[in-house]
Amino acid sequence: ALPIYHPGCFRCVICNECLDGVPFTVDAENKIYCVRDYHKVVAPKCAACGLAILPSEGSDETIRVVSMDKDYHVECYHCEDCGMELNDEDGHRCYPIEDHLLCHSCHISHIEKGTLSPAAFPQHF
């Protein structure tokens, strides 16, 4: 059971916002969070940019790409060489080399040049 709070003392453990009369959530340790901060704490982190993958404004649903057992923002899931957006459509699929995200043509280019070392990959963010 949750402890009893004065209305003014019922606050998010992260941002200290008063949660009296507003949506909140509680974790397994009975810590109280505003919904926004709870998502930040439990959200998967993007393997490309390192930031939390959060629901878009006004939504409870998180949209992400899962590839090679890693999570990505949809906008961060792109070829590291040419920047083309990657997805499951023909011509846009991911052909990774050593955990680097590549489109098909950049993948072939690296194989032909023999540039498979991580230093050969510029980072496009």
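All residue numbers refer to positions in the sequence shown, counting from 1. Only a predicted model underlies this, so the values are computations on that prediction, with no experimental measurement involved.
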Of Thr25, Val26, Val42, which is the lone residue that meets side-chain contact (heavy atoms from CB on, under 4.5 Å) with Tyr33? Thr25
Indicate, with yes or no, if Val65 and Ile63 share a hydrophobic cluster defined by side-chain heavy-atom contacts under 4.5 Å among Ile, Leu, Val, Met, Phe, Trp and Tyr. yes
Between the main-chain N or O of Leu102 and the side-chain N or O of Glu80, is there a donor-acceptor pair closer than 3.5 Å? no
Heavy-atom nearest pair, Leu101 first then Cys76, reads CD1-O, 4.3 Å
When you compare the side chain of His100 with that of Asp81, does any pair of heavy atoms fall below 4.5 Å? no
Could you tell me the separation between the CD1 atom of Ile14 and the SG atom of Cys34, rounded to the nearest 0.5 Å? 8.5 Å
To check you understand the geometry: which heavy-atom pair defines the closest contact between Cys12 and Leu19, and what is its length? N-CD1, 3.6 Å
What's the spacing between Tyr72 OH and Leu86 CG if we round to 0.5 Å? 10.0 Å
The reported gap from SG in Cys46 to CZ in Arg64 (rounded to nearest 0.5 angstrom) is 11.0 Å
So which atom in Cys15 and which in Arg36 form the shortest heavy-atom distance, rounded to 0.1 Å? SG-NH2, 4.0 Å
Looking at Arg93 and Asp88, would you say the former's side chain and the latter's main chain have a donor-acceptor pair under 3.5 Å? yes
Any side-chain heavy atom of Ile97 sitting closer than 4.5 Å to one from Ile111? yes
Between His73 (side chain only) and Ala52 (backbone N and O only), is there a donor and an acceptor less than 3.5 Å apart? yes
For the pair Tyr95 and His104, name the ring-plane relationship: parallel under 30°, tilted 30 to 60°, perpendicular over 60°. perpendicular
Might you work through the side chain to side chain contact (heavy atoms under 4.5 Å, CB included) test for Met84 and Cys106, ending with a clear yes or no? CA-CA 10 Å; Met84 181 178 76; Cys106 290; over 6 Å; no
Any chance you could measure Leu51, atom CG, to Lys40, atom NZ, to the nearest 0.5 Å? 10.5 Å
Return the minimal non-hydrogen interatomic distance between Val41 and Lys45, and the atom names on each side. O-NZ, 4.3 Å
As an exercise, state the distance from CZ of Phe10 to CD1 of Ile32, rounded to the nearest 0.5 Å. 4.0 Å
ILVMFWY cluster, Val22 and Val35 together (side-chain gap under 4.5 Å): no
Count I, L, V, M, F, W, Y as connected when their side-chain heavy atoms are under 4.5 Å apart, and connections chain through other members. Are Met68 and Ile53 then in the same cluster? no
Compare every heavy atom of Cys18 with every heavy atom of Arg11, then report the nearest pair and how far apart it is. NH1-N, 3.5 Å
Once you round to the nearest 0.5 Å, how far does CG of Asp37 lie from CD of Glu17? 8.0 Å
